[in-house]
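Data first, discussion second: the structure below is written as structure tokens.
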Amino acid sequence: QVQLVESGGGLVQPGGSLRLSCVASGRIFSISAMGWHRQAPGKERELVATITSGGGTYYSDSVKGRFAISMNNAENTVSLQMNSLKPEDTAVYYCNADLAIGPYLSDKTHGWGKGTLVTVST
């Protein structure tokens, strides 16, 4: 079984910074991509940023220029550096991964962490 565990959430003032981290563990053959989604109270879960194992990145327009995603392939970790935080960034942030537990197409799977809360407020 594969587990993804987020860390780094907390309370930060507007304009401040936080760095979220996520570690994937368990039976992992390879990881093709990792990313972050977030869900604010009463809102739908939305994509924040994604990074492929080859280093390609994608950011939502709302965080572009403020957030940076990175991956450590050797350690199966992904991080999200969040700068210039705004109150609207307040949400539970979820780590996700597209991975494989074996070398075959049938071994591909997708996993989610349980989330870490980020609160941007005075």
Next on the checklist: Could you see if V12 belongs to whatever hydrophobic cluster contains V48? Use Ile, Leu, Val, Met, Phe, Trp, Tyr and a side-chain cutoff under 4.5 Å.
Outcome noted: yes
Next on the checklist: Whether R38 and E46 form a salt bridge (side-chain N of Lys/Arg under 4.0 Å from carboxylate O of Asp/Glu) is what I want to check.
Outcome noted: yes
Next on the checklist: Are L85 and V92 connected into the same hydrophobic cluster when the rule is that any two of I, L, V, M, F, W, Y join if their side-chain heavy atoms are below 4.5 Å apart?
Outcome noted: no
Checklist entry - Any side-chain heavy-atom pair from I31 and N76 closer than 4.5 angstrom? => result yes
Item to check | Approximate separation, where rounding is to 0.5 Å, of T90 OG1 and L117 CG | outcome: 8.0 Å
Next on the checklist: Quick check: is L18 connected to L11 through a chain of hydrophobic side chains (ILVMFWY, heavy atoms under 4.5 Å apart)?
Outcome noted: no
Checklist entry - Is a side-chain donor or acceptor of Q39 paired with a backbone partner of A91 at a separation under 3.5 angstrom? => result no
Checklist entry - Is the backbone of R19 close enough, under 3.5 Å, to the side chain of Q81 for a donor and an acceptor to pair up by distance? => result no
Checklist entry - Taking all non-hydrogen atoms of both residues, which atom of Y94 and which atom of E6 are closest, and how far apart? => result CA-OE2, 3.4 Å
Item to check | Side-chain ion pair, D61 and K64, N-O less than 4.0 Å | outcome: yes
Next on the checklist: As a quick check of understanding, evaluate side-chain contact (heavy atoms from CB on, under 4.5 Å) for C95 and W36, giving each step before the final call.
Outcome noted: CA-CA 5 Å; C95 171; W36 294 90; 4.0 Å; yes
Next on the checklist: Consider side-chain contact (heavy atoms from CB on, under 4.5 Å). Of D89, L20, V120, which one does M82 pass it with?
Outcome noted: L20
Checklist outcome for this item: Heavy atoms of A49 and L80 approach each other most closely as CB-CD1, 4.2 Å
Checklist outcome for this item: Output for pair (C22 SG, M71 CE), nearest 0.5 Å, gives 10.0 Å
Checklist outcome for this item: Note: S17 and N83 closest approach over all heavy atoms is OG-OD1, 2.9 Å
Checklist entry - What distance separates S53 OG from D98 CG, expressed to the nearest 0.5 Å? => result 10.5 Å
Item to check | Residue pair N96 / H110, side-chain heavy-atom distance below 4.5 Å | outcome: yes
Checklist entry - Are the side chains of S7 and T116 in touch, meaning some heavy atoms are under 4.5 Å apart? => result no
Checklist entry - Which distance, rounded to the nearest 0.5 Å, do you find between the OH of Y59 and the OG1 of T50? => result 10.0 Å
Checklist entry - Where do S60 and L47 land on the side-chain contact (heavy atoms from CB on, under 4.5 Å) test, with the steps shown first? => result CA-CA 7 Å; S60 67; L47 174 66; 5.8 Å; no
Next on the checklist: Angle between ring planes, Y93 versus F67, binned at 30° and 60°: parallel, tilted or perpendicular?
Outcome noted: tilted
Checklist entry - When rounded to the nearest 0.5 angstrom, what is the spacing between NZ in K108 and OG in S32? => result 7.5 Å
Checklist entry - Does R66 offer a backbone N or O that forms a donor-acceptor pair with the side chain of S84 under 3.5 Å? => result no
Item to check | S121 versus T119, side-chain donor and acceptor atoms under 3.5 Å | outcome: no
Item to check | Side chain proximity check, V2 to I28, heavy atoms < 4.5 angstrom | outcome: yes
Next on the checklist: Would you say I69 ends up clustered with V63 if hydrophobic residues are merged whenever their side chains have heavy atoms under 4.5 Å apart, either directly or through other cluster members?
Outcome noted: yes
Checklist entry - Is there a side-chain contact between M34 and L4 (heavy atoms, below 4.5 Å)? => result yes
